[in-house]
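First up is the structure itself, then whatever we jot down about it.
If you're wondering where the values come from, they're calculated on a predicted model, not measured in any experiment. By convention in this document, chain letters (A, B, ...) are assigned in the order of the sequence lines, proteins followed by strands, and residues within each chain are numbered from 1.
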2 protein chains.
Amino acid sequence: MEKTSTVAAKGRPREFCVDNALAAALGVFWSKGYEGASMSDLTEAMGITKPSLYAAFGNKEALFHKALDLYENEKLEYTREALKQPTARAVAEHFMRGAIDAQMSSCDPKGCLGVISATACGAEAASIKADVIQRRASSQAALVERFEQAKRDGDLPDHVDISGLTSYLYAILQGMAVQAGSGATRAELERVVETSLMMWPGR
Amino acid sequence: MEKTSTVAAKGRPREFCVDNALAAALGVFWSKGYEGASMSDLTEAMGITKPSLYAAFGNKEALFHKALDLYENEKLEYTREALKQPTARAVAEHFMRGAIDAQMSSCDPKGCLGVISATACGAEAASIKADVIQRRASSQAALVERFEQAKRDGDLPDHVDISGLTSYLYAILQGMAVQAGSGATRAELERVVETSLMMWPGR
DNA sequence: TAGAATATGTACCGGACGTTATGGAAAAGA
DNA sequence: TCTTTTCCATAACGTCCGGTACATATTCTA
């Protein structure tokens, strides 16, 4: 007796687009952080009232998790693209240049939502922080796997510490996010990338 | 008619040690961030009441700036020590190993107060963020100067982008702080440092 | 056309926040 | 001892927080 996703809704239809509202909420969380974003900030940016928000998304925390899903799917697509690059070096370069585009987009807040949410330290953000850290771990695991493949390909020297190299690359990405959030220019971040690539093994 | 800092205070002497209280406040800010630290958190950790806190430190923001002074003087001493190292590589290594000690001390909160405060995004933290960013800029300028000296010493190749190299090293340090605050182990951070040193030019 | 079901806007809840007024206790100088 | 100064403690202030009743409005089903 599963309800096939019928087109005809029962009651009064909502007057706002859930996807648009969620995108607006993501923008608020991204620029103000989880705790820094008040319900008033959110409802104002989303163009809805609080009861509508609670009816559609549950509560503030659930809204954040959904915004984080959207962030991963839309803004972090470059990370999945990066893993498909042919060499370890190209993977790293794609990661870093993609991070610049994502963190310095003129129409999005600066910095990385993951870094912002993981360094937010309030008590109420504990579950938020845990979610972000877990997502990062699985993303990092994928990169480890990619680098191990690179080593099998003879693309990375045998003596390389894969886990260390992965954490190292992530550290650069996170540091770039910190700097992007602190007012760094795109040119400055590009010089960080150039410097990193200068040091990267091979070529 | 300047009042020489007389030893004899007029009225009733305060019953708590200002330095100890400030150190306790630093611990709270460090682990909870500026906005995450409530006045109740602070007064409880400092062992004083709110009126005492306001009388001695002004308000929450002034207390934070003084805690930040203490943090720079005590916990970031290794950065000034690092600049005295003989080679650019030794400077970088001292920075990174010092960062591990500072960010992973067993008796201090994990991570870096500067990174935490710069990524805190609430509206009330704007002045806090500006202060932290400004301090970081002057610290970074000192490292640029040190690397320029290294270039003059023939210690860094001429083609190196000093500013890029500095931002790159800071990015690694900031990324390590993010990871330290996210539950990374000391061993993991040490592998980041080893990887970074593996790639560092020279030796 | 009645009724069920859902969305909306207003107005409000208890609680935590940073900050301060008040009142009394304690220690210094006279 | 008296005055002055500064301290400590309680309790309250006004404001904002996340979250919610309530009544009204709009759609579908029957």
Side-chain angles (χ1 to χ4, degrees), chain A residues 1 3-22 24-25 28-29 32-67 117 120-128, chain B residues 3-22 24-25 28-29 32-67 120-128:
Chain A
M1 297 320 153
K3 184 78 170 307
T4 65
S5 74
T6 158
V7 179
K10 286 278 174 124
R12 172 178 177 177
R14 58 165 51 95
E15 298 175 356
F16 65 95
C17 168
V18 175
D19 290 338
N20 287 353
L22 185 58
V28 176
F29 282 131
K32 301 193 159 195
Y34 176 71
E35 294 173 298
S38 71
M39 296 304 293
S40 303
D41 292 333
L42 291 164
T43 52
E44 187 180 357
M46 300 163 83
I48 63 178
T49 62
K50 275 192 270 191
S52 297
L53 190 158
Y54 277 84
F57 300 101
N59 59 12
K60 188 185 180 183
E61 182 172 342
L63 174 63
F64 181 85
H65 289 297
K66 286 168 184 165
S117 307
C121 313
E124 51 176 339
S127 128
I128 300 301
Chain B
K3 184 79 170 308
T4 65
S5 73
T6 157
V7 178
K10 285 282 172 108
R12 173 180 175 177
R14 59 166 51 94
E15 296 177 355
F16 64 94
C17 168
V18 175
D19 290 338
N20 288 352
L22 185 58
V28 176
F29 282 130
K32 301 194 160 194
Y34 176 71
E35 295 173 297
S38 72
M39 295 303 291
S40 302
D41 292 332
L42 291 164
T43 53
E44 187 180 357
M46 299 165 82
I48 63 178
T49 62
K50 280 192 258 194
S52 297
L53 190 158
Y54 277 84
F57 300 101
N59 59 12
K60 188 184 181 184
E61 181 172 343
L63 174 62
F64 180 85
H65 289 296
K66 285 168 186 166
C121 313
E124 50 177 340
S127 128
I128 301 300

Would you mind reading off the distance between [X] atom [atom1] and [N] atom [atom2], rounded to a whole angstrom?
X	N	atom1	atom2	result
Tyr54(B)	dA11(D)	OH	P	19 Å
Glu124(B)	dT15(D)	CD	P	17 Å
Met46(B)	dG18(C)	CE	P	13 Å
Phe57(B)	dC8(D)	CZ	C1'	15 Å
Lys50(B)	dA11(D)	NZ	P	13 Å
Glu61(A)	dG18(D)	CD	C1'	12 Å

| query | Is any side-chain heavy atom of Arg14(A) closer than 4.5 Å to a side-chain heavy atom of Ile48(A)? | reply | no
| query | Is there side-chain contact between Phe29(A) and Ser117(A), with at least one heavy-atom pair below 4.5 Å? | reply | no
| Considering only heavy atoms, which members of residues 33-42 of chain A lie under 4.0 Å from some atom of DNA chain C? | none
| message | Between the side chains of Glu15(A) and Arg12(A), is the shortest nitrogen-to-carboxylate-oxygen separation below 4.0 Å, so that they form an ion pair? | response | yes
| note | CG (Leu22(A)) and NZ (Lys66(A)) are apart, to the nearest 0.5 Å, by 8.5 Å
| Is the number of heavy atoms from other residues, nucleotides or ligands under 6.0 Å of Glu124(B) CD greater than 12? | yes
| request: Check the pair Met46(A) / Leu63(A) against side-chain contact (heavy atoms from CB on, under 4.5 Å), numbers first and verdict last. | output: CA-CA 12 Å; Met46(A) 300 163 83; Leu63(A) 174 63; 4.1 Å; yes
| request: Would you mind building the protein contact string for nucleotides 3-9 of chain C? One character per nucleotide, 5' to 3', B for base within reach (heavy atoms under 4.0 Å), S for sugar-phosphate only, - for untouched. | output: --BBBSB
If you look only at distance, which donor and acceptor atoms sit under 3.5 Å apart when one is on a side chain in residues 52-61 of chain A and the other is two or more places apart or in another chain?
from: Ser52(A); atom 1: OG; to: Thr49(A); atom 2: OG1; distance (Å): 3.3
from: Asn59(A); atom 1: OD1; to: Glu61(A); atom 2: N; distance (Å): 3.3
from: Asn59(A); atom 1: OD1; to: Ala62(A); atom 2: N; distance (Å): 2.9
from: Lys60(A); atom 1: NZ; to: Tyr34(A); atom 2: O; distance (Å): 3.0
from: Lys60(A); atom 1: NZ; to: Ala37(A); atom 2: O; distance (Å): 2.8
from: Glu61(A); atom 1: OE2; to: Ser127(A); atom 2: OG; distance (Å): 2.4

| message | Has Glu35(B) got a side-chain atom pairing as donor or acceptor with Gly122(B)'s backbone, closer than 3.5 angstrom? | response | yes
| Side chain Lys60(A) and base dG18(D) donor-acceptor under 3.5 Å | no
